[in-house]
2 protein chains.
Amino acid sequence: MNVQQLVGRLRAEGHKLTPQRLAIIEALAQNRTHPTAYEIYAEVRSRYPMMGLATVYKTLDLLKDLGEVVETGFGTGGTRYEPNLHPHVNLVCRKCGRVVDVGLGEGIEDWRAKHEGRPTREARPPMQWVTEVASEVGFTIQGGHIEYFGVCATCNGEDKV
Amino acid sequence: MNVQQLVGRLRAEGHKLTPQRLAIIEALAQNRTHPTAYEIYAEVRSRYPMMGLATVYKTLDLLKDLGEVVETGFGTGGTRYEPNLHPHVNLVCRKCGRVVDVGLGEGIEDWRAKHEGRPTREARPPMQWVTEVASEVGFTIQGGHIEYFGVCATCNGEDKV
DNA sequence: TTGTGTGCAAAGCATTTGCAATACT
DNA sequence: AGTATTGCAAATGCTTTGCACACAA
């Protein structure tokens, strides 16, 4: 998620650029922790004390409509949000609700190729495949993710930190 | 999701097999529409009028803990549930909340191989890859899915039915 | 100036919880 | 018989909405 680019897009599509929106966008762009709406609210609020929680939800809604953010993680503590980057894998802990990224910039196929000693091919992330199939059934794709559920190291009691 | 097998597992792990639980399990096993908790409740209720909605939630919780069902679909109308089959792709409509399956029994690699005219190899769904990586960080995987968000044909106004 | 966006508070829902009654094992 | 499970209803908590005011364009 590129802040400059997104700001330009908002202008171009006739949305107003308010300090609140900018603050929320910046908070999202920097944050790698898949924050909840409330966490974004709390962070932004330290700089803009008059910020309302409803504004965070409304802005997140707008960004969802634009396909710039993606919702993630169920169960504990509400929906979490992340910038809509290239598809990657989220491990969602069903006990604490936290979300762990598993790097997948390379794409599954590349990983396999490396793993099996085959030569690495150009990455073809699942996104592309899905987009093709989806368009056949009239489905417009805005964003996506690969998500697995389980129990994280900390909640497993295997935490050594 | 095999009902017989699951019933056996419940017994083996010391859970009681009540008519309510069996009805919920059967409803889930037959249903291919990713029902919400309330939809399951409504369906089962037609056979067991005394069924309570809380029981549905409690049973779904149990099945989640056992890794037998997976939560799906955000946004509209609450969490949806599906049996934890082999990983496949869900297209989640952000307007109506409905979830469309994209067949992926074959696995992405097989699809690609066919598509590119290469010989089909044994399917290696992403699940396996993720499980390996996850275990390295102490994460226990219970289930997962690949999920994309967008707007379905009907909500796109392209519906011809 | 004009209409979109904000903030507050109230409303709306999905989900969870407490507890007495019930019924598997 | 003992204990997990049920069902109701109340409680909780996240998210949305209505509306008057503020402000970006």
Side-chain angles (χ1 to χ4, degrees), chain A residues 6-25 27 34-42 44-66 69 71-81 94-97, chain B residues 6-25 27 34-42 44-66 69 71-81 92 94-97 99:
Chain A
L6 181 44
V7 166
R9 187 175 173 198
L10 288 178
R11 284 193 203 289
E13 301 188 15
H15 301 287
K16 290 184 180 169
L17 184 64
T18 63
Q20 290 91 333
R21 281 185 178 169
L22 186 57
I24 291 167
I25 289 169
H34 311 268
T36 61
Y38 190 89
E39 284 165 357
I40 295 169
Y41 165 70
V44 173
R45 192 172 224 252
S46 63
R47 274 185 292 157
Y48 298 85
M50 74 299 293
M51 165 75 68
L53 180 54
T55 300
V56 175
Y57 277 106
K58 285 169 186 167
T59 300
L60 286 172
D61 247 26
L62 173 64
L63 295 177
K64 276 191 290 180
D65 283 338
L66 297 174
V69 300
E71 297 167 303
T72 300
F74 296 91
T76 311
T79 308
R80 293 172 176 274
Y81 297 84
R94 288 205 37 243
K95 289 204 175 148
C96 65
Chain B
L6 181 45
V7 166
R9 187 176 172 195
L10 287 177
R11 284 193 203 287
E13 301 186 15
H15 302 285
K16 290 183 179 169
L17 185 63
T18 64
Q20 289 92 332
R21 279 184 179 169
L22 186 57
I24 291 167
I25 290 169
H34 312 268
T36 61
Y38 189 87
E39 285 165 358
I40 295 169
Y41 165 69
V44 173
R45 194 170 222 252
S46 64
R47 273 184 292 156
Y48 299 85
M50 73 299 291
M51 164 76 67
L53 180 53
T55 301
V56 175
Y57 277 107
K58 284 168 186 166
T59 301
L60 287 172
D61 247 26
L62 172 64
L63 295 176
K64 277 190 291 179
D65 283 338
L66 297 175
V69 300
E71 296 166 304
T72 300
F74 298 93
T76 311
T79 308
R80 293 170 175 277
Y81 298 84
V92 182
R94 290 206 34 244
K95 290 204 175 148
C96 66
V99 180

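Keep in mind that what you see is a predicted model, and the values were worked out from it rather than measured. Here is the naming used below: chain letters follow the sequence lines, and residue numbers restart at 1 for every chain.
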**Q** With a 4.5 Å heavy-atom cut-off, do B:Leu10 and B:Ile25 have their side chains touching?
**A** yes
**Q** What's the CG-P distance between A:Leu10 and D:dA24, to the nearest Å?
**A** 15 Å
**Q** Please check the phosphate of C:dA14 (OP1 and OP2 only) for any side-chain N or O of B:Thr79 closer than 4.0 Å.
**A**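 For C:dA14, OP1/OP2 do not have a side-chain N/O of B:Thr79 under 4.0 Å.
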**Q** When the distance from CG of B:Asp61 to P of D:dG7 is rounded to whole Å, what number comes out?
**A** 16 Å
**Q** Counting only side-chain N and O atoms of B:Tyr57, is one of them less than 4.0 Å from OP1 or OP2 of C:dT15?
**A**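 Answer is yes, contact under 4.0 Å.
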**Q** Does a side-chain heavy-atom distance below 4.5 Å link A:Ile40 with A:Ile24?
**A** yes
**Q** Starting at CD of B:Glu71 and ending at C1' of C:dT16, how long is that distance when rounded to a whole Å?
**A**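 Nearest whole value for this atom pair: 14 Å.
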**Q** So, do A:Tyr81 and A:Thr36 sit near enough that their side-chain heavy atoms are less than 4.5 Å apart?
**A**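 Heavy-atom side-chain distance check fails, nothing below 4.5 Å.
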**Q** Quick test of your reading of the model: are A:Lys64 and A:Glu71 salt-bridged, counting only N-O distances below 4.0 Å?
**A**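 Result for this pair is yes, salt bridge flagged.
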**Q** Whole Å only: how far is the CG atom of A:Asp65 from the P atom of D:dT16?
**A** 11 Å
**Q** Atom CE of A:Met50 to atom C1' of C:dC8: distance rounded to whole Å?
**A**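 The distance from CE of A:Met50 to C1' of C:dC8 comes to 14 Å, rounded to the nearest Å.
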**Q** Heavy-atom nearest nucleotide on DNA chain D for B:Tyr48 versus A:Tyr81: which residue maps closer to 5'?
**A**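 The residue whose closest nucleotide sits nearer the 5' end is B:Tyr48.
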**Q** Under 3.5 Å, which donor-acceptor pairs link side chains of residues 11-21 of chain A to any protein atom two or more places apart or in another chain?
**A**
| unit_1 | atom_1 | unit_2 | atom_2 | d |
| --- | --- | --- | --- | --- |
| A:Glu13 | OE2 | A:Arg9 | NE | 2.7 |
| A:Thr18 | OG1 | A:Arg21 | N | 3.1 |
| A:Arg21 | NH1 | A:Lys16 | O | 2.8 |

**Q** How many Å lie between OH on A:Tyr41 and P on D:dT15, as a whole number?
**A**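 To the nearest whole Å, that distance equals 14 Å.
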**Q** To the nearest angstrom, how far is B:Tyr38 atom OH from C:dC13 atom C1'?
**A** 12 Å
**Q** Indicate yes or no: at least one non-hydrogen side-chain atom of B:Met50 is less than 4.5 angstrom from one of B:Arg45.
**A** no
**Q** Sugar-phosphate atoms are those with a prime plus P, OP1 and OP2; base atoms are the rest. Using that split, label each nucleotide of nucleotides 18-25 of chain C B, S or - for protein heavy atoms under 4.0 Å, 5' to 3'.
**A** B-----BS
**Q** Provide, to the nearest angstrom, the distance between the CZ atom belonging to A:Arg21 and the P atom belonging to D:dA24.
**A**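 From A:Arg21 CZ to D:dA24 P: 12 Å.
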**Q** Does the B:Thr59 side chain pair with the main chain of B:Thr55, one donor and one acceptor, at a distance under 3.5 Å?
**A**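 Confirmed, B:Thr59 side chain pairs with B:Thr55 backbone.
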